[in-house]
K.L.:
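One structure coming up, written as structure tokens, with questions to follow.
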Amino acid sequence: MTSNSEIAHHLYELARLATLAEGSSNAFRVRAYETAARSVDGASEPVSEMTEAELTALRGVGKSTASKIRELVETGSIARLEELRAQFPPGFVSLTRVPGVGPKTAVRLRDELGIKDVDDLRAAIERHDLRDLPGMGEKTEDNIRAAIELLGVGGKENRTPIIEAIRVARDVCEAIERVPGVESAEPMGSLRRFRDTIGDIDIIAVSTGDPEAVMRRFVELPIVRDIVGYGARKSAIVGAMGIQIDLRVVEPVQFGSAAVYFTGSKAHNIRLRQMALDRGWTLNEYALSEIGTGRVVASQTEADVYAALGLPWIPPEIREDDGEIEAALAGELPIFASERDLKGDLHVHTDLSGDGHVPLGEMIEALAARGYRYAAITDHGENLTINGAPREQLMSQRKAIARLRPRFPDLTILHGCELNIGRDGSIDYDAEFLAGFDFGVASVHSHFGLSIDEQTARVISAMRNPAVNVIGHLTGRRIGKRPGIDLNLDAVLEVAADTGCAIEINCHLDRLDAPSEVLRRAMEHGGVVFAISTDSHRVSELANTANGIRLARRGWIDRSRVVNTWPRKRFLNWVAKKRSAA
DNA sequence: GCCGTTTTCGGCCCGACTGTTTTCAGTCG
């Protein structure tokens, strides 16, 4: 069976190559392929099993695309795509990844200079061939050369893990906020949408003063390695690690429309602008306004803009044109959890773990200070060679917890353990010892290279273990460093629903695991529940709940399915039920 | 290529900045 994401992938490639054929990524055909790809990607039913008539019922899929999808499912390829691949081989496509080289330029370079890939381009630049083309000049040639040097061949498509981007963005925003007249500077774009990786950092500064003063400060920041653009309203720099940072300066009254505009996604914005046009309005970064008269309909806050378009405010994390507009119109957006809904943290380490840093008493004090009603202390089980704790130490930790409990009458402290899921799905310790714990998180920490069937089997086996209440960081990925394990998700989620074993929403920015795509899929399995847990190894990390809340939003997780928003009694019943299952 | 209470043609989201141009095309987001 061809999966929805495989089909979507083919359609995205079609869009990409059509960009070259059409000469613009804004060409209607290109956008049509992209819309169809998103639609297929977001479909809840297997698209490969749909008839042509059912396919055309999908938004953005018409007769032509429907028949291409059937062709792909039945023959394994799409003739039109093969044609385009022959016309634009991978080496040539890579030319368009160079910053400053778009589809028009790439085609001209090929037709007029015989440039077939980036190596050819480098050589042509050395020979100063580019500057002699009509419409190009010394400066253009120089800019392309510099772009290749600074950003590498991948150029436009290099993405930065969110954990790095968020730090850079914070530093830049703080520096911008020190400029007189600046009321605020905040990251927008994919960072605000909380994607795992960030292409470039978009920042909006709200200023009552001179925008040029803000821009001057921006391009003079110590982080700047190159200035890509410099204008009164918009500037762009390349900073450390090659991250591009775009800054826009707006007036306070424009903040709402600017935030909508620069948060995106592009596809989400296009939907909003279409809705604006339907009402005789136009939406840009400055305002939602009447066509013709220019009368401003809304601009000050995002909520104003959405409300004018007949929508509730839509959280940035789900602005992907992935069904959020339809859900919002129907009043069917999930009720998302907020930080104050969280009544406990269910994955917390102390210095008993080799990688932990905080003594038990201090950690519990910090948990109590957050106002939690319950919490689970979950140091590593002994099978994690370096960081795991032996039985005797866990037994004495249990006694220490018992001694601490009277000091924290409002906090139910569960003695738990982060168990390791072995190659075969077994976990640390024997059943009798495991039964002594109040709570269990089981996670994959090794054997990342097993087959999808082996990975699926071991995770399912752990879920069925009565000592396991939550599967920690389901895929084991480290964003930008290590891909997650391959899993047959539907099989895993079915067992999660069946056993009541929760899927962790790990708050660490390095993990954000389970990933949002997995969470959204899991939401479609009725009965699957989730735990927003910090996996803290330090007191400061307890505040990472903010990340988990955002990841949960990105995964469309309804608050009612998050076990650690439940009142203590209901939560403890859920814990006990799982542990008593045969 | 898609779509339709403007329904089978003629529309389709919006603007800043750059470089090379005398009015705009290309790139980017």
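Lettering of chains follows the sequences in order, A, B, ..., and the numbering in each one begins at 1.
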K.L.:
Do any side-chain nitrogens or oxygens of Lys266(A) fall under 4.0 Å of OP1 or OP2 in dG29(B)?
P.N.:
no

K.L.:
Considering only side-chain heavy atoms of Gln274(A), which listed nucleotide, dC2(B), dT18(B), dC12(B), is closest?
P.N.:
dC12(B)

K.L.:
What are the two closest heavy atoms between Ala37(A) and Ala8(A), and how far apart are they?
P.N.:
O-CB, 3.5 Å

K.L.:
Check residues 224-233 of chain A and write down every donor-acceptor pair under 3.5 Å in which the side-chain atom is one partner and the other belongs to a residue at least two apart or another chain.
P.N.:
none

K.L.:
Give, ordered by number, those residues of residues 2-30 of chain A having at least one heavy-atom distance below 4.0 Å to an atom of DNA chain B; if nothing qualifies, reply none.
P.N.:
Asn26(A), Phe28(A), Arg29(A)

K.L.:
Holding to salt bridge (charged side-chain N to carboxylate O under 4.0 Å, His left out), I want the full list of residues that pass it with Asp119(A), two or more places apart in sequence or in another chain.
P.N.:
Arg122(A)

K.L.:
Could you tell me whether the phosphate oxygens of dG1(B), OP1 or OP2, come under 4.0 Å of any side-chain nitrogen or oxygen in Lys68(A)?
P.N.:
yes

K.L.:
Return yes when atom NE2 of His525(A) has more than 12 non-hydrogen atoms of other residues, nucleotides or ligands closer than 6.0 Å, and no otherwise.
P.N.:
yes

K.L.:
With nearest nucleotides of DNA chain B determined for Ile270(A) and Glu138(A) from heavy-atom distances, which residue corresponds to the more 5′ nucleotide?
P.N.:
Ile270(A)

K.L.:
Where the side chain of Leu277(A) is concerned, which of dC14(B), dG19(B), dT27(B) is the nearest nucleotide?
P.N.:
dC14(B)

K.L.:
Consider the side chain of Thr65(A), meaning its heavy atoms from C-beta on, and name the nucleotide among dC2(B), dG19(B), dG26(B) that approaches it most closely.
P.N.:
dC2(B)

K.L.:
Base, sugar-phosphate or nothing for Glu141(A)? Non-hydrogen atoms, less than 4.0 Å.
P.N.:
nothing

K.L.:
Can you name the salt bridge (charged side-chain N to carboxylate O under 4.0 Å, His left out) partners of Arg217(A), sequence neighbours left out?
P.N.:
none

K.L.:
By nearest nucleotide on DNA chain B, pick out whichever of Lys139(A) and Ala106(A) is the more 5' one.
P.N.:
Lys139(A)

K.L.:
Would you say Glu302(A)'s side chain and Trp313(A)'s backbone share a donor-acceptor pair under 3.5 angstrom?
P.N.:
no

K.L.:
Please list, chain by chain and in numerical order, all residues satisfying side chain to side chain contact (heavy atoms under 4.5 Å, CB included) with Glu49(A), sequence neighbours excluded.
P.N.:
Met1(A), Pro46(A)

K.L.:
With a cut-off of less than 4.0 Å, is there a side-chain N or O of Thr35(A) near OP1 or OP2 of dG1(B)?
P.N.:
no

K.L.:
With sequence neighbours excluded, what pairs up with His128(A) under the side chain to side chain contact (heavy atoms under 4.5 Å, CB included) test?
P.N.:
Arg131(A), Glu141(A)

K.L.:
Would you sort out whether Val260(A) and Leu272(A) count as a side chain to side chain contact (heavy atoms under 4.5 Å, CB included), showing the intermediate values?
P.N.:
CA-CA 9 Å; Val260(A) 168; Leu272(A) 295 185; 3.5 Å; yes

K.L.:
Just to be sure I understand the geometry, which residues of residues 197-208 of chain A put a non-hydrogen atom under 4.0 Å away from DNA chain B?
P.N.:
Asp200(A), Asp202(A)

K.L.:
Considering non-hydrogen atoms only, spot the tightest contact between Glu285(A) and Arg248(A) and give its length.
P.N.:
OE2-NH2, 2.8 Å

K.L.:
Would you mind checking if Glu71(A) and Lys68(A) are paired as a salt bridge, meaning a charged N to carboxylate O distance below 4.0 Å?
P.N.:
no

K.L.:
Taking any heavy-atom pair under 4.0 Å as a contact, classify Pro103(A): base, sugar-phosphate, or nothing.
P.N.:
sugar-phosphate

K.L.:
Considering just the side-chain nitrogens and oxygens of Thr140(A), establish if one lies under 4.0 Å of OP1 or OP2 belonging to dT20(B).
P.N.:
yes

K.L.:
Mind checking the CG-CG spacing from Asn269(A) to Leu283(A)? Nearest 0.5 Å is all I need.
P.N.:
7.0 Å

K.L.:
Do you know the tightest heavy-atom contact between Ala337(A) and Ile549(A)?
P.N.:
O-CG2, 3.4 Å

K.L.:
Quantified in whole Å, what is the P atom distance between nucleotide dT20(B) and nucleotide dG26(B)?
P.N.:
14 Å

K.L.:
Please pick, from dG19(B), dC2(B), dC12(B), the nucleotide with the shortest atom-to-atom distance to any side-chain atom of Asn143(A).
P.N.:
dG19(B)

K.L.:
Which donor-acceptor pairs under 3.5 Å do side chains of residues 173-186 of chain A form with protein atoms, sequence neighbours excluded?
P.N.:
residue	atom	partner	partner atom	Å
Glu177(A)	OE2	Ala185(A)	N	3.0

K.L.:
Please report, to 0.1 Å, the donor-acceptor pairs under 3.5 Å made by any side chain of residues 101-111 of chain A, with sequence neighbours excluded.
P.N.:
residue	atom	partner	partner atom	Å
Lys104(A)	NZ	Gly23(A)	O	3.2
Arg108(A)	NE	Glu112(A)	OE2	3.1
Arg108(A)	NH1	Pro134(A)	O	3.1
Arg108(A)	NH2	Glu112(A)	OE1	3.3
Arg108(A)	NH2	Pro134(A)	O	2.9
Arg110(A)	NH1	Gln87(A)	O	2.9

K.L.:
Kindly say whether Ser25(A) contributes a backbone atom to a donor-acceptor pair with the side chain of Arg31(A) at under 3.5 angstrom?
P.N.:
no

K.L.:
Identify, residue by residue, the members of residues 245-264 of chain A with a heavy atom below 4.0 Å from DNA chain B, and return them in order of residue number, or none.
P.N.:
Asp246(A), Arg248(A), Tyr261(A)

K.L.:
Could you tell me which nucleotide pairs with dC28(B) by Watson-Crick or G-U wobble geometry, both distances under 3.5 Å, or answer none if nothing does?
P.N.:
dG15(B)

K.L.:
Between Arg319(A) (side chain only) and Lys266(A) (backbone N and O only), is there a donor and an acceptor less than 3.5 Å apart?
P.N.:
no

K.L.:
By a strict heavy-atom criterion of less than 4.0 Å, which residues belonging to residues 284-310 of chain A are in contact with DNA chain B?
P.N.:
Asn284(A), Glu285(A), Tyr286(A)

K.L.:
Does anything in residues 215-236 of chain A reach DNA chain B, meaning a heavy atom under 4.0 Å, and if so which residues?
P.N.:
Gly229(A), Tyr230(A), Gly231(A), Ala232(A), Arg233(A), Lys234(A)

K.L.:
Could you work out which one of dC12(B), dG26(B), dC2(B) sits closest to the side chain of Thr105(A)?
P.N.:
dG26(B)

